[in-house]
Amino acid sequence: KGEMWGGCHHLGTLFRDGLGVEKNAELALEYHEKGCSGGTAEACASAGVMLQRGLGVAQDLKRALPLLKQGCMGGNKIACSAARTIEQNP
């Protein structure tokens, strides 16, 4: 089951970066969020950072923060740092 959610994260990365597929940030975000819902901390970090920075999608800090916190709780240091940045600069 964990591999499936990790696969969602991997697909999100492919679509985000346009690796073997046409770049599609909205689809990338969707796959990263699916991976996050399955407990893949890296997927939470990827989705959260996309939303935090507005990388190909509309910037949405309120939506980004819970994703980043979930990624941080899963041990992703990038997610922890990004969540702290949002909390310190609302």
Side-chain angles (χ1 to χ4, degrees):
K1 196 172 187 179
E3 288 180 22
M4 180 178 79
W5 302 118
C8 288
H9 170 60
H10 183 68
L11 279 172
T13 301
L14 294 177
F15 280 106
R16 183 194 66 208
D17 298 340
L19 300 172
V21 295
E22 188 174 328
K23 270 189 177 186
N24 185 326
E26 289 293 332
L27 198 52
L29 180 59
E30 183 180 325
Y31 278 115
H32 285 313
E33 287 181 308
K34 283 182 184 182
C36 181
S37 71
T40 302
E42 292 79 10
C44 299
S46 294
V49 168
M50 285 181 74
L51 290 164
Q52 176 195 27
R53 298 183 184 168
L55 300 176
V57 296
Q59 185 181 42
D60 187 341
L61 299 179
K62 287 183 181 181
R63 192 170 155 201
L65 187 56
L67 293 165
L68 294 167
K69 284 184 173 182
Q70 185 175 343
C72 183
M73 289 190 318
N76 186 284
K77 292 180 180 166
I78 292 170
C80 295
S81 176
R84 274 194 306 275
T85 298
I86 292 173
E87 291 175 330
Q88 293 171 355
N89 304 295

Which class fits the ring pair His32 and His9: parallel under 30°, tilted 30 to 60°, perpendicular over 60°?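 His32 vs His9 ring planes: tilted.
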Interatomic distance, [X] atom [atom1] to [Y] atom [atom2] [nearest 0.5 angstrom]:
X     : Y     : atom1 : atom2 : answer
Arg16 : Met50 : CZ    : CE    : 7.0 Å
Glu22 : Phe15 : CD    : CZ    : 9.5 Å
Cys72 : Lys77 : SG    : NZ    : 10.5 Å
Leu27 : Leu14 : CG    : CG    : 10.5 Å
His10 : Leu19 : NE2   : CG    : 8.5 Å
Cys44 : Leu67 : SG    : CG    : 6.5 Å

May I ask you to test the [X]-[Y] pair for a side-chain heavy-atom distance under 4.5 Å?
X     : Y     : value
Thr13 : Asp17 : yes
Lys34 : Glu30 : yes
Pro66 : Gln70 : no

Nearest heavy atoms of [X] and [Y], plus distance in Å:
X     : Y     : value
Ala28 : Gly12 : CB-O, 3.2 Å
Arg63 : Asp60 : N-OD1, 3.0 Å
Ala25 : Gly56 : CB-O, 3.3 Å
Gly35 : Ala43 : C-CB, 3.6 Å

| Between the main-chain N or O of Ser81 and the side-chain N or O of Thr85, is there a donor-acceptor pair closer than 3.5 Å? |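 Between the backbone of Ser81 and the side chain of Thr85 there is a qualifying donor-acceptor contact (under 3.5 Å).
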- Message: Quick test of your reading of the model: are Lys69 and Glu87 salt-bridged, counting only N-O distances below 4.0 Å?
- Response: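 Result for this pair is yes, salt bridge flagged.
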Q) Sequence neighbours excluded, which residues qualify as side-chain contact (heavy atoms from CB on, under 4.5 Å) partners of Ala64? A)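 Leu51, Gln52, Leu68, Ile86.
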